[in-house]
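Remember, it's 1-based here, ligands and their atoms both numbered in the order they're listed. All values below were derived from every heavy atom in this structure, side-chain atoms included, with hydrogens, water molecules and symmetry-related copies excluded. The first residue of the sequence shown is numbered 1, and numbering continues consecutively from there. Small disclaimer: the values here were computed from a predicted structure and weren't measured.
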Amino acid sequence: MRLKDRVALVTGAAQGIGRAIAARLVADGAQVILADVNAAGAEAAAGEMGAAAAFGTDIADPQAVAALFEAVGARWGALDVLVNNAAIVPFIPWDEVDLAHWNRIIGVNLTGTFLMCRAATDQMRARGRAGRVINIASNTVFAGTPNMAAYVAAKAGVVGLTRALATELGPHGITVNAVSPGLIESDGVKASPHAQAFEFVEMLQAIKGRGQPEHVADVVAFLASDDARWMTGQLVNVDAGMIRH
Ligand SMILES: NC(=O)c1ccc[n+]([C@@H]2O[C@H](COP(=O)([O-])OP(=O)(O)OC[C@H]3O[C@@H](n4cnc5c(N)ncnc54)[C@H](O)[C@@H]3O)[C@@H](O)[C@H]2O)c1
């Protein structure tokens, strides 16, 4: 119960890694808010895991994010923990990457993360509350994984944002860290061509097997806890040792 009475919000929590993170934070005693563009999925997941609330929110829509934090402010004042997990995980060769695709991926994966950080940390500071921001990046920023150019660029942006915010928010008691998972058998990956890469990725991993959402959730729970109080601006790689940076 190391997060007892903390208020935590996880984006993209209707399924996959976000859902596992939310469930793990509930198990650690936090009041957890699920936010996902899939409102029905978030509702169902929140009910099953005993979360505090669920919101249908598109993180790329500034008005939707403003409405979400109005509700958060009214009920809880401010978050203790924000986990920016929501993202689109595309599979699209470079020759098919056009401006519309680029704008969509950057809009959700990078600008959406910015909008959430902006609103959440403004509230934390107004309440004089220490806080934790945990951004889900990806080890594709090291590997330069094919068929994901806009995604890799957006995730590298998330890593840069993490480092810059850590510097500016540290004096306010807010830590900002990122986690970079390797290939994880999430709902999204299972339903995509990425699922065919497991054999190849396993060859590169120091620890053998398939990455599961819980492998990421356990590390996020640590970063959300007091045990990680002396860490900020870090990128923690959770990929069975595929990348050693
Ligand atoms: N699965 C992997 O192999 C892997 C590897 C590295 C990083 N990641 C990262 O982990 C995170 C979760 O990935 P996953 O595999 O569980 O994905 P997933 O596709 O299974 O789930 C993503 C969730 O995000 C939600 N979402 C998408 N766009 C949204 C928006 N605009 N606003 C709000 N919610 C939105 C979806 O509805 C869905 O519930 C992502 O940030 C992804 O980039 C995943």
Side-chain angles (χ1 to χ4, degrees), residues 9-24 33-46 54-65 67-68 82-91 103-116 119 134-145 147-148 150-159 161-162 178-198 200-202 204-205 209-217 219-220 235-240 242-243:
L9 187 148
V10 184
T11 64
Q15 65 175 50
I17 295 171
R19 184 185 172 128
I21 292 169
R24 174 62 209 254
I33 303 155
L34 280 61
D36 200 295
V37 72
N38 173 4
E43 282 283 349
F55 291 90
T57 308
D58 177 353
I59 60 158
D61 176 352
Q63 282 170 350
V65 172
L68 171 65
L82 168 66
V83 183
N84 285 308
N85 165 83
I88 299 169
V89 186
F91 187 97
N103 284 340
R104 183 166 159 260
I105 299 303
I106 299 291
V108 173
N109 297 9
L110 181 56
T111 308
T113 300
F114 156 71
L115 290 170
M116 292 294 298
I134 300 143
N135 295 325
I136 306 302
S138 165
N139 81 343
T140 59
V141 304
F142 302 111
T145 308
N147 301 307
M148 307 185 87
Y151 174 91
V152 175
K155 290 296 187 180
V158 167
V159 174
L161 179 67
T162 301
V179 170
S180 52
L183 187 62
I184 300 291
E185 204 167 27
S186 67
D187 299 297
V189 159
K190 277 193 275 191
S192 80
H194 294 298
Q196 280 153 32
F198 275 106
F200 173 69
V201 166
E202 206 176 324
L204 306 175
Q205 292 174 188
R210 290 185 176 203
Q212 298 301 317
E214 291 72 21
H215 291 139
V216 181
V219 175
V220 171
L235 175 59
V236 183
N237 209 33
V238 184
D239 67 354
M242 176 182 151
I243 305 284

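Relative to atom 12 (C) of ligand 1, the option among I21, N85, L183 with the closest non-hydrogen atom is N85. The option with the heavy atom closest to atom 6 (C) of ligand 1, from among S192, G211, P181, is P181.
Side chains of V189 and F198 form a contact here, defined as non-hydrogen atoms less than 4.5 Å apart.
In this structure, G182 counts as a contact residue of ligand 1, since one of its heavy atoms falls inside 4.0 Å of the ligand. Within the 4.0 Å heavy-atom cutoff, T11 does not count among the residues contacting ligand 1. Contact annotation: K155 has at least one heavy atom less than 4.0 Å from an atom of ligand 1.
From the protein, the heavy atom lying nearest to atom 23 (C) of ligand 1 is G12 O, 3.6 Å. In terms of protein heavy-atom proximity, atom 44 (C) of ligand 1 is nearest to I17 CD1, 3.6 Å. Residue, atom and distance of the protein heavy atom nearest to atom 9 (C) of ligand 1 are I136 CG2, 3.7 Å. The nearest protein atom to atom 19 (O) of ligand 1, hydrogens excluded, is given as Q15 NE2, 3.5 Å; this is a heavy-atom distance. For atom 8 (N) of ligand 1, the closest non-hydrogen atom on the protein side is Y151 OH, 3.6 Å. Scanning all protein heavy atoms for the shortest distance to atom 7 (C) of ligand 1 gives A137 O, 3.2 Å.
Residues N38 and D36 have side chains that never bring a donor and an acceptor to within less than 3.5 angstrom of each other.
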